[in-house]
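Quick notes on the structure that follows.
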Amino acid sequence: MLKFDWNFLWTIIDLIIFFVLMKVFLFKPIKKTLDARKELVDKQFKDADDAQKQAEELKEKYQSELDSVENEKKQIISDARADAKIEYNKIVDKAQGEAEKIKASAKRAAEIETEKAKKAAKEQIAALAMEAAEKVVSEKASAESDSRLYDEFLNESSDENDS
């Protein structure tokens with residue numbers, strides 16, 4: 001038959017007690033420490049993901065603001081160019097109008113001066129004709145005197161036109 005040994009039973013009981021004590025005093029604190037570290041690592045990963053998401057959101061926000069500013073800049077430049085072109089056209093139109101007025105004024109002045117010159121020439125011709133007529137009437141009518149009067153009239157006319 002089998003013999004039962006009490007030493008063997010006490011060894012098993014000692015092992016069970018040793019296992020329970022190890023579990024209570026060693027495994028539970030180690031498990032708590034490992035769980036706490038796992039939670040800390042998980043929290044750090046979550047914080048890092050949140051920070052990355054927040055950074056991406058800020059990046060998208062700043063990029064959209066930058067695009068908006070760029071579009072606004074282009075619009076302002078376009079508006080400024082359009083305004084400058086309008087102002088340029090106004091200035092050119094005004095200058096052309098003034099040039100036309102100056103041309104018209106100069107043309108009128110030239111016409112007036114031409115009319116004055118024609119009138120003065122007519123008056124001089126009339127005065128010379130009167131002088132010639134007076135000389136003809138006052139002198140005796142002869143071919144020689146007519147020729148001399150005609151030559152004097154031409155000389156006086158040419159002298160006045162030269163000056």
Side-chain angles (χ1 to χ4, degrees), residues 1-129 153-163:
M1 281 217 80
L2 277 177
K3 219 173 154 191
F4 184 69
D5 188 18
W6 287 96
N7 278 335
F8 181 69
L9 180 66
W10 285 112
T11 305
I12 290 180
I13 292 174
D14 283 342
L15 282 174
I16 291 174
I17 292 172
F18 182 70
F19 178 75
V20 169
L21 288 175
M22 290 280 283
K23 187 175 181 181
V24 170
F25 292 113
L26 185 65
F27 293 143
K28 281 188 180 180
I30 289 175
K31 188 171 184 340
K32 283 183 184 179
T33 304
L34 289 176
D35 288 343
R37 285 191 180 182
K38 183 180 179 195
E39 287 178 18
L40 179 65
V41 168
D42 289 343
K43 184 178 180 246
Q44 287 176 343
F45 277 128
K46 184 182 178 229
D47 290 345
D49 287 341
D50 291 345
Q52 185 175 5
K53 287 178 185 176
Q54 189 177 21
E56 287 176 7
E57 288 173 4
L58 282 173
K59 179 185 173 189
E60 290 175 7
K61 178 183 172 188
Y62 290 142
Q63 187 64 40
S64 67
E65 287 179 7
L66 185 62
D67 292 342
S68 173
V69 168
E70 185 70 26
N71 291 337
E72 186 178 342
K73 178 186 84 168
K74 288 179 181 177
Q75 184 63 37
I76 289 171
I77 289 171
S78 174
D79 291 346
R81 284 184 180 156
D83 291 345
K85 188 172 185 178
I86 290 170
E87 190 65 27
Y88 170 78
N89 289 337
K90 283 180 184 178
I91 291 170
V92 168
D93 290 344
K94 184 178 178 182
Q96 286 176 344
E98 289 177 7
E100 290 297 324
K101 287 179 184 177
I102 291 171
K103 284 181 185 178
S105 174
K107 188 175 180 180
R108 279 194 305 267
E111 288 173 356
I112 291 171
E113 288 298 319
T114 303
E115 288 299 320
K116 284 181 183 179
K118 285 181 183 178
K119 189 175 181 182
K122 284 181 184 178
E123 288 175 0
Q124 286 178 351
I125 291 172
L128 289 174
F153 175 75
L154 288 177
N155 287 336
E156 287 178 16
S157 295
S158 67
D159 289 343
E160 289 179 12
N161 284 339
D162 289 341
S163 55

Q: Decide if atom CD of E72 counts as having more than 12 heavy atoms of other residues, nucleotides or ligands within a radius under 6.0 Å.
A: no

(Q) Evaluate Q54 against D50 for side chain to side chain contact (heavy atoms under 4.5 Å, CB included), listing each step before the verdict. (A) CA-CA 6 Å; Q54 189 177 21; D50 291 345; over 6 Å; no

(Q) Quick check against the 3.5 Å criterion: does S68 have a side-chain atom that pairs as donor or acceptor with the backbone of S64? (A) no

At what distance, to the nearest 0.5 angstrom, does [atom1] of [X] lie from [atom2] of [Y]?
X: E98; Y: K101; atom1: CD; atom2: NZ; value: 7.0 Å
X: E123; Y: K116; atom1: CD; atom2: NZ; value: 12.0 Å
X: D47; Y: D42; atom1: CG; atom2: CG; value: 11.0 Å
X: K61; Y: E65; atom1: NZ; atom2: CD; value: 5.5 Å
X: I17; Y: M22; atom1: CD1; atom2: CE; value: 14.5 Å
X: E100; Y: K107; atom1: CD; atom2: NZ; value: 10.5 Å

**Q.** Stepwise side chain to side chain contact (heavy atoms under 4.5 Å, CB included) check, F25 with L21
**A.** CA-CA 6 Å; F25 292 113; L21 288 175; 3.6 Å; yes

(Q) What I want to find out is whether E56 reaches K59 closely enough, with some N-O distance under 4.0 Å, to be called a salt bridge. (A) no

Q) Do L15 and F19 have side-chain heavy atoms sitting under 4.5 Å apart? A) no

Q. Is the shortest heavy-atom distance from the side chain of L34 to the side chain of K38 under 4.5 Å?
A. no

(Q) Is it true that N71 and Q75 share a donor-acceptor pair across their side chains at a distance under 3.5 Å? (A) no

Q | Stepwise side chain to side chain contact (heavy atoms under 4.5 Å, CB included) check, S78 with R81 | A | CA-CA 5 Å; S78 174; R81 284 184 180 156; 5.8 Å; no

**Q.** E70 vs K73, salt bridge (Lys or Arg N to Asp or Glu O under 4.0 Å): CA-CA, chis, key distance, verdict
**A.** CA-CA 5 Å; E70 185 70 26; K73 178 186 84 168; 3.2 Å; yes

Q.
Go through it in stages, so that I can follow the logic: the residues are K118 and T114, the test is side chain to side chain contact (heavy atoms under 4.5 Å, CB included), and I'd like the CA-CA distance, side-chain angles, deciding distance and then a yes or no.
A. CA-CA 6 Å; K118 285 181 183 178; T114 303; 3.9 Å; yes

